[in-house]
Each structure stands twice: as C-alpha cells, then as structure tokens.
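Accompanying notes for the structure given below.
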Amino acid sequence: MASAAAKQAPKIVSKASAGGAGAAGAGGGPPIMPLASPLMGKKKKPFLGMPAPLGYVPGLGRGATGFTTRSDIGPARDANDPVDDRHAPPGKRTVGDQMKKNQDDDDEDLNDTNYDEFNGYAGSLFSSGPYEKDDEEADAIYAALDKRMDERRKERRELREKEEIEKYRMERPKIQQQFSDLKRKLAEVSEEEWLSIPEVGDARNKRQRNPRYEKLTPVPDSFFSKHLQTGENHTTVDPLQGLGGLNTPYPGSMTPGLMTPGTGELDMRKIGQARNTLMDMRLSQVSDSVSGQTVVDPKGYLTDLNSMIPTHGGDISDIKKARLLLKSVRETNPHHPPAWIASARLEEVTGKLQVARNLIMKGTEMCPKSEDVWLEAARLQPGDTAKAVVAQAVRHLPQSVRIYIRAAELETDVRAKKRVLRKALENVSKSVRLWKTAVELEEPEDARIMLSRAVECCPTSVELWLALARLETYENARRVLNKARENIPTDRHIWITAAKLEEANGNTQMVDKIIDRAITSLRANGVEINREQWIQDAEECDKAGSVATCQAVIRAVIGIGIEEEDRKHTWMEDADSCVAHGALECARAIYAHALQVFPSKKSVWLRAAYFEKNHGTRESLEALLQRAVAHCPKAEVLWLMGAKSKWLAEDVPAARSILALAFQANPNSEEIWLAAVKLESENNEYERARRLLAKARSSAPTARVFMKSVKLEWVLGNIEAAQELCTEALKHYEDFPKLWMMRGQIEEQCENMDKAREAYNQGLKKCPHSVPLWLLLSRLEERVGQLTRARAILEKARLKNPQSPELWLESVRLEFRAGLKNIANTLMAKALQECPNSGILWAEAVFLEARPQRKTKSVDALKKCEHDPHVLLAVAKLFWSERKITKAREWFLRTVKIEPDLGDAWALFYKFELQHGTEEQQEEVRKRCENAEPRHGELWCAESKHVLNWQKKTGEILAQVASKIKNTF
C-alpha cells in the first residue's frame, strides 16, 4: 500500500500545481514555480520499489488521516445479522454476540477484590495496548533472567524439597510402608488358611438382597382354544368380551386331529400325549429301557456338554471380521494356498468342523499342486476319508515325501505301512527320510538289505552309511565305512565310527592311527578342524564307553588353534568342562596330555591329583602322585598327599617311607616334619613323635614346630614339660600369639588364674592386634566374676583393633549373658554401624530380636550379606525354629555348599537331621562332613581343639558338637 501511494503522489501534486498556476495567472499574482521540472520527472526516484520503513503510515505527512470511509469498515450490519463464519460455535453466531465478546475482552477487571498491595491488579494494565517488537525483546530478556536465576537456585530448591518430602514421609508414612512387615507375612499364608478367611458380608439393603420376583399367572386352556378357533392373530384381549371367551364364527377350522370329533374345541389330552411321546423319544436316545438302568456316563455326558462350548477365546465380532477378510483373500486370489488353510483352521477353531472340511476340499480343487493344502485336508478328514484324500494327493504330487509319510501314518497295520513306503520309494528313491522311516519298520536282516540299497540311492547320507555299518559284521562294516569315506570324504563321524569299531573289536592300536589319518584327510579335503566339535564327539564316545577313541580324539585335537602361552589355562578349563559334563575319561586324557607338555608344573600335577582324589581310585591317585614327586620333588604338598593316601589306607610303613623320601628331597621342610609327627602321634607312637619334634627343633626351628611340641606334651598330660617348652619357645618367638594363648590356657587348666591373666597380659603387650588373646582375657575375667573388668578389656581391645566384628560380638554376648538385654541391643546397633557387612554380627542380631521381628531382620541381613555363611546359617535356624522343615533343609544345604569349612554349619545341620531327618539323610550329612574336613567355627573349634579330643576323627567331633547344641533359638 505504501509503495502504491508513493507512486500516485506525484500525479496528484502535478495536477494541483497546474490548477494553481492557472488561477494565479488569472488573478494577476506572482507566478508560482513548478514543483518538478521535466528532467526530474523523467529520473526514477531511489525509494521506489523498496519496502516501506518501519512505522510508515501513507498520507500522514500531508494530513490525509482522521477520516474513515464505508469501504474501511464494511457495510452496516444489524446486531442480529449472522456472521460470515457458517460454523461458528454458539454464542458467536451473530454480529451482536461478537461485538459483546470484544467489548468484554477490552474491559479490564479493576475491582478492589482483584487488587493486591504488592502485585497490584491481577491482570495486566497494559493488555489492551499494542504488543510491539521492543515489548517482545524486553519479555525475552526478562524470561532469560528468570531462567538464569531459577537455575542458580534449582539444586538447592530440589534438595530442600527432597528433604521435606523425606521428613514428611518419616512423620506420616504411607499405609503401604506401615504394613510392609505384615505384607511380607502374607507369603507364609497357606492355601487352606487363605480359603478359611470369612467372606465380607453382603452390603446390599434388604430389598436388593431379597428381590420380589414378578408373579406370573397361567392362562386357562379355554383362552387358547377359543383364540385358535378364530384363525386370527390377536395381541390383546377385548375387555368387552365376557367370560365366555373369544367366539369365532368358524368353529372347527383347526386341524381335526387336535379337536374333539363333532366339536370345535381343542383336545388338551392329545397335546399332553404328544408331549409325553416327544419326551420319551428324547430320553430313549440316551438311555436303555430294556433293563431299566441308564447307560449314560455322567463324566462323558459332561465332557460332551463341554465340547459343545466354543473353545476359541476370541470375540464373535473378531471371528466375523476374520472370516470376511479370508473370504476376500480367497476370492481375490483363489490359487493362494495359505488363504484356504487359514480359512479352514478358523472354522475348526470356532467348532464348525464340517465347514472347515468343505473349505479345505475346495482348496485342494483350486490348488492341486500345493503340498500343504493336501496335508491340511488329510488332517481335518476322518480316517477312511483321509486315506482317500491322501491317495488323491499322491496322484497330483507323486514326488512329495511328506504326503507319503502322512499316508504311512494313516495306516494302522505294519504291513500296510511297509507297502505304502515301498511304493513311495519306487517313486522317490533319493529321499533319506523315506529310507529311514522304511528301515525302522523292518527286522534287522531286512533292514540291512534295505540299507545296502539305500546307500546306493543316497550315497551322501552319513546316517544311512553308519546305520548299515552297525548292522554288518566286523569285516563287512570295515568295507562299508571305507566306501562311506570314498563317497563322503568330508565327514568326521565316519572316521570316529571306524575308530569305535576297531576299539570294540580289540584293535586299540589302530584307533590312534585312524584318528590321525582322519585329521590329515579332512584337512586335505578343505575341512576346518573345529576343536569344540571334536571335544563334544569325544565326550559322546566317553559316555558310550569307547574310552580309547575318546582319548585318541582328545590327544589329536587338544592343541589345535591355541596359542602357546594360552595352552595351560585353556586345557584346565577344558578339563573342568568335561568334568561338569560327566566325561571323566576326557578330563583324564586332557590332564595326561597337559602333564606330558608341562611335566614340571606343580599346579597341573595338583589339579590332576585332586581330580583323581575326587573321581578316581586310590590306586590311580597314588600312581599319579608317584609320577608327580618324581617330576616335582620340591612340591611338599604332593609328598603329603601321597603319605596321607597311604595313611588313610592304613598302610603306615608306606606312608613313613614316602615321608622319608620327602625328607631327602626337602631336608628342612616344616610341613614334612609336622606331617611325620602327626603320622606317629595318630598311630600312638609318642616317643617317635617326640624324637622327631626334638630333631625338628634343632634342625628346622620354627614357631609352629615349637607350638606342636608344646601341644604334644600338653595333650599327653606332661604339663611341666609343656610349660618348659612354652617358656623356651617364647624366648625365641615372643611375637607368636598362639604360644601365649597356650601358656594361659595351661595355667587356666591348673586353676592358676593369676598366672593365666599375667600370661595373657604379657602376650597382649607383644601382640596387641591378636583378637583371640583379647577374647581369652575377657572370658577369664568374666569367669572369675569381674564383669566390669571384662567390659573394660573389650573396650580397650576395640580401640586397639577397630572394625573387628569378633570383639563387638563378644561385647554384645557379654551384656546378654549378664542379663542386660537393652545394653546388648544398643551395642549391636553400634557394631552394625561400624561393621555393616559383618555376617557374624547380622546372624547374632537376628536372634537378639523378638520372634515377630526376626524375619524382617533376616531380610535386612540377607540384603547386606547375601552370600555370608553365618547369615545363611541364621536363616536356616530361623526356619528350623518355625518348624518349616523343608525350607530349613534347603538353607542348611546352601550354607554347607557355600562354605564347607564351617564346622558349626555341619554340626547344626546334623543336629537338625537327627531331629527331623531319616537315617539315610543323617548318614549323608555325616559322610559329606567327613569328606569336607571342616576346621573352623566357634562351636567346632571349642571341641576339636580341646586337649581331650585331640585324637578324635571328624565324625566323632561332629556327633559331639551336635550333642551339645541346644535349641535355645
């Protein structure tokens, strides 16, 4: 508009100037100069064609404003005239409505109720003013400032809100949190208890509970008889007609069979007879009237009724949609087999079996070359009809293997099956599946003949060749396998079967040659040797009893595809995998090969020795250990395992000779000295044990040797000799805490409490970080009645040894034994704060709680120490105390599996089985404990390390510890 006005302005000005000049000339005034010369008019103005500047109003400079024409505001309209928008909502459909709305929008609410002293009016005072570009920029700047300030305070605000929410939740917890412990107990509610909970009463009012049913009055027979005589359809009764009924002008117009002869009345007696006859006919279908007893099977009758209910879970409308959709697919593409199959299955699912059969048979007409359609038709049809369908399918598809297999399955007689399959093989002689199915039906001799023909027709089928080799004699089997190798030079199973064949016939020396030749031949034919597949084949040979083949395969492939530095690690993993799969001979072969490659590796010998100990015989273990000590004479543990094996076999002289050889290889070995001492002391050769210890103290003096010397004299009752040896040992090894412990315990045994206290105190000066010494001193003070001193000792111990769960546990138990349960609970809370992941503390905390809170505490303990044996043992004891026998047994088993060295777990498990288990279960626990040989545990060590029990075996200690356990929990 601005540019248009600018273009028109020069024309208007020139006309005005021309008129003005004429007037002036007529009046005789001075002439007025023209505004633009012809040269200027010809030159183009520089602003033409450019956009108008911001805020430009056309005509404002020459005063062309202040008036409005009808063209600006449009034609005048009445308030009731409709607006231009035909689809305007109610309230905006007339001109008056819109004007009123605009006026309401312009009017601002300046009421006092809308005024605030700080913020002013709620609405914007300048909302009616124009919103210009500078307003937009100012709003953007203010918004950016608000966002920046909000980000600065955001972190503190969110933290404060979080703390307020947590504080609020602590003061007013949710109902869900308040009843969390009760909800946990719902898991223990049995099905019977749940069903025995009474139902909630009926909350409906009396009228809803006892509705008054609509009363119906039967219509008399006369009404029906007269109504039928009229021959008309009446929906209402005319009240003008009296009690005489509805008279008809045409009596006797009904069928004469139901009318009394000569009258026009309905014979109700005949209707009753007809009804009885119909009922008898229906009953005769399901009953036997000869003997008067029913033959209806109630279960079968209900089953039939259930079969009438549609089994599909879909909605009726969905089924109709699917049916319509499939019909459209069939009509669009009638030669599309899946459409016919889907349609038939839909009808089958909805219970319309006959419709499904009709559909699929029509599908066979439309798609006669579709194998799937014929098979679906055979499946839906009953027996004889299915045979006819399959015969028709064979005529259309004479090369279809699946149709022949289906035809054989439909036959019930074996001879008929054979006939069908032989006919099939005449048409499809290259099908391995048909040959296999046919061979399975034959006797061994006929099967061998058929297989010989089968391998001619299918020379590339490994299964047929191997099946033929199994049925042939040794010589013929060798020939068959040689032919198989010629026809299929790339299959490893033929070579492995040949090796098995040689092993089964005693030619074990040929097995290694065959396997080596197999690797060479397969590589020559471009076959990649997959190590994992060959090891799996070896495991299968192991399980089948072909040990030599299994070992030959392992030896041939164990080193393929492995880097030299990874061999040991990989082979040990392979051996563990074979043990896990139950292939022990494979694992033995892997260990044997590894020992050939690494004859001087002690770790490999140890792994092999432990394997033989767990899965082999004593003879195999001893033979392996003899080879081991020959290759690794410096490995003390191998010598000790050999000696222990001989000792367990009660061959003491052989054990002595092994230890003598060990002495020669390791002259000053502490372990071998102590093993020799144990061997002699266990066999009551105390003088020999003393001489050995004296010799060890002179040639290889160590703290353990002195400790064993003191222990031997102590258990034999030589207290003075033990004290002298202990004093001598402490001169050399005063920082060895066990010597101080033994010295104090010997004094306690002699009732010399002061000397014992002195020994413990001296020991703590030398060994302030020995927790058992602190515990012994504390228990000594408690035993003599000095509770305060015992408490002070434990506090001092905790200062010297922070974060020591054993010291905290002893402090808690000290207070509990003194009857101060509240102090014990307080100490336990502090202990768990300092040692939050200590299993022994959590286990004790569970049983410090009252019975209702124990389960909640055990859940918390399991969250903190999920795999700690002490916590698992506490949970098992908890189930035991609640008489949940099965769960308790599961948790005991879990505990001894995680930590078999914990003697307390075995003792509690054995005690549990003595009370609730059978003799077999008790014996199993005892045997497993003897095999595990536990050494740790508070209750266990108290008995096993007692001087009176020093010669007792593991089983005896187990029974003794179990007998002293009381079910106080």
Side-chain angles (χ1 to χ4, degrees), residues 185 187-196 579-582 584 610 613-618 648-650 839-840 843-844 846-847 851 854-855 858-859 861-862 866-944 946 948-949 951-969:
K185 290 183 181 177
E188 305 169 13
V189 177
S190 63
E191 190 176 354
E192 293 78 12
E193 293 172 343
W194 183 263
L195 293 174
S196 64
V579 171
H581 296 154
L584 301 181
Y610 283 125
K613 181 183 176 184
N614 294 326
H615 303 286
T617 61
R618 187 172 59 82
L648 290 174
E650 298 182 355
I840 55 174
E844 189 73 15
V846 170
F847 291 99
R851 279 189 178 272
R854 285 181 182 178
K855 183 162 284 187
S858 67
V859 172
L862 284 170
E866 186 179 358
H867 300 293
D868 191 279
H870 297 91
V871 173
L872 298 179
L873 185 60
V875 175
K877 287 161 64 178
L878 185 62
F879 283 124
W880 184 7
S881 66
E882 294 175 354
R883 298 293 184 271
K884 295 180 179 177
I885 308 303
T886 307
K887 284 189 175 180
R889 183 175 285 114
E890 288 176 4
W891 283 89
F892 275 124
L893 286 168
R894 195 178 299 179
T895 306
V896 297
K897 184 178 180 181
I898 283 181
E899 186 54 80
D901 193 46
L902 185 63
D904 291 1
W906 288 108
L908 283 161
F909 194 10
Y910 188 63
K911 176 81 172 182
F912 169 80
E913 294 295 357
L914 287 174
Q915 289 185 0
H916 304 287
T918 61
E919 290 185 4
E920 292 81 6
Q921 290 171 327
Q922 296 164 15
E923 186 65 20
E924 183 187 357
V925 171
R926 191 182 62 78
K927 284 184 178 178
R928 288 182 62 187
C929 179
E930 288 176 352
N931 291 332
E933 294 182 356
R935 299 295 175 90
H936 296 89
E938 189 178 1
L939 303 172
W940 185 269
C941 291
E943 293 298 322
S944 64
H946 197 278
L948 300 178
N949 303 328
Q951 277 189 315
K952 288 187 177 177
K953 300 286 189 292
T954 304
E956 297 170 344
I957 294 172
L958 176 69
Q960 193 167 339
V961 176
S963 65
K964 292 191 177 182
I965 294 173
K966 295 179 181 178
N967 296 21
T968 54
F969 47 84

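Any value given below was found using the heavy atoms of this structure, including those in side chains, with hydrogens, waters and symmetry copies removed. Note that this is a predicted model, so its numbers are computed, not measured. Along the sequence shown, residues are numbered consecutively beginning with 1.
- Summarising the local packing, CD of Glu193 is surrounded by more than 12 heavy atoms from other residues, nucleotides or ligands at distances under 6.0 Å.
- Judged by distance alone, the side chain of Asn949 and the main-chain N or O of Ser944 form no donor-acceptor pair under 3.5 Å.
- Within 6.0 Å of NE2 on His936 lie no more than 12 heavy atoms contributed by other residues, nucleotides or ligands.
- The distance from the CG atom of Leu878 to the NZ atom of Lys887 is 10.5 Å, given to the nearest 0.5 Å.
- Distance check: Cys929 SG to Glu924 CD gives 12.5 Å after rounding to the nearest 0.5 Å.
- Glu930 is not listed as a side-chain neighbour of Leu958, based on a closest heavy-atom distance of 4.5 Å or more.
- Nearest heavy atom pair, residue Tyr910 against residue Ala959, reads CE2-CA, 4.2 Å.
- Note that the NZ atom of Lys927 and the OG1 atom of Thr954 stand 15.0 Å from one another [nearest 0.5 Å].
- Ion pair Arg889/Glu913 flagged as a salt bridge, since at least one NZ, NE, NH1 or NH2 atom sits closer than 4.0 Å to an Asp/Glu carboxylate oxygen.
- Contact of the Leu893 side chain with the Phe909 side chain is registered, since non-hydrogen atoms from C-beta on lie closer than 4.5 Å.
- Using modelled atom types, no side-chain atom of Trp906 and backbone atom of Val925 make a donor-acceptor pair closer than 3.5 Å.
- Under the 3.5 Å distance criterion, the side-chain polar atoms of Gln921 are matched with a main-chain donor or acceptor of Thr918.
- Considering all non-hydrogen atoms of both residues, Ala861 and Val871 come closest at CB-CG1, 3.9 Å.
- The two residues Ala876 and Ala888 make their nearest non-hydrogen contact at O-CB, 3.7 Å.
- Residues His870 and Ala843 approach most closely at O-CB, 3.5 Å, considering heavy atoms.
- A distance of 8.5 Å separates CD1 of Ile965 from NZ of Lys877, quoted to the nearest 0.5 Å.
- Taking 4.5 Å as the limit, every side-chain heavy atom of Arg928 sits out of range of all side-chain heavy atoms of Pro900.
- The distance from atom CG of Asp868 to atom CD1 of Ile898, rounded to the nearest 0.5 Å, is 9.0 Å.
- The shortest side-chain heavy-atom distance between Gln922 and Arg926 does not fall under the 4.5 Å cut-off.
- Looking at heavy atoms from C-beta onward, Pro934 lies in side-chain contact with Trp940 at the 4.5 angstrom threshold.
- For the pair Leu873 and Phe892, the minimum side-chain heavy-atom distance is below 4.5 Å.
- The side-chain heavy atoms of Ile885 and Phe912, taken from C-beta on, include a pair separated by under 4.5 Å.
- Heavy atoms only, all atoms of each residue included: Thr895 and Pro869 are closest at CG2-O, 3.4 Å.
- The nearest pair of heavy atoms linking Glu938 to Asp904 is N-OD2, 2.9 Å.
- Within 6.0 Å of NZ on Lys613 lie no more than 12 heavy atoms contributed by other residues, nucleotides or ligands.
- In this structure, Arg935 places its CZ atom where only 12 or fewer heavy-atom neighbours from other residues, nucleotides or ligands lie under 6.0 Å away.
- Put simply, the side chain of Glu890 does not reach to within 4.5 Å of the side chain of Phe879, judged on heavy atoms.
- Other residues, nucleotides and ligands contribute at most 12 non-hydrogen atoms within 6.0 Å of the NE2 atom of His867.
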